[in-house]
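As a basis for the values below, the full set of heavy atoms in this structure was taken, side chains included, without hydrogen atoms, waters or symmetry mates.
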Amino acid sequence: MPGRGAVVANHVSWLDIFALNARKRVYFVSKAEVRDWPVIGHLCASVDTLFIQRESKRDIPRVVAQIDGVMEGGRGIVVFPEGTSSGGDDVLPFRPPLLELAARRPDDRAGA
């Protein structure tokens, strides 16, 4: 991903995070409870993860503002719209609120 932009991807395993972050440091969005998981929570926080309270719709504007700040700073963001990892054989239902960014930032989609 060159510079700022967004990647929307299926989340097949925790290795996805390291693979996507290997080429260029990007920010990830994760459910807030992951921050408290042993080992995984620390690893997620160490790779610039933005944590969202998924059960609270009032938290969406806060995270969208953080994403805007990340992208304005020239960094990229990765969103797993299914909100969980899966085997990758099927596409699970999306959690769409964070996809709003791609719809309202057409200048960034071309570089993503």
Excluding sequence neighbours, so at least two apart, what forms side-chain contact (heavy atoms from CB on, under 4.5 Å) with Q53? A32, E55, S56, D59
Could I get the full list of side-chain contact (heavy atoms from CB on, under 4.5 Å) partners for D48, not counting sequence neighbours? R25, Y27, R75
Candidate pair V26 and I77, rule side chain to side chain contact (heavy atoms under 4.5 Å, CB included), full reasoning: CA-CA 5 Å; V26 293; I77 188 81; over 6 Å; no
Kindly indicate, with the supporting measurements, whether the criterion side chain to side chain contact (heavy atoms under 4.5 Å, CB included) is fulfilled by V29 and V78. CA-CA 7 Å; V29 178; V78 176; over 6 Å; no
Closest non-hydrogen atom pair between G76 and V70, with its separation: O-CG1, 3.8 Å
Separation between CG (L50) and CZ (R35), nearest 0.5 Å, reads 10.0 Å
Distance in Å, E33 CD paired with I52 CD1, rounded so as to fall on 0.5 Å steps: 10.5 Å
Would you say F51 and C44 make side-chain contact, with heavy atoms under 4.5 Å? yes
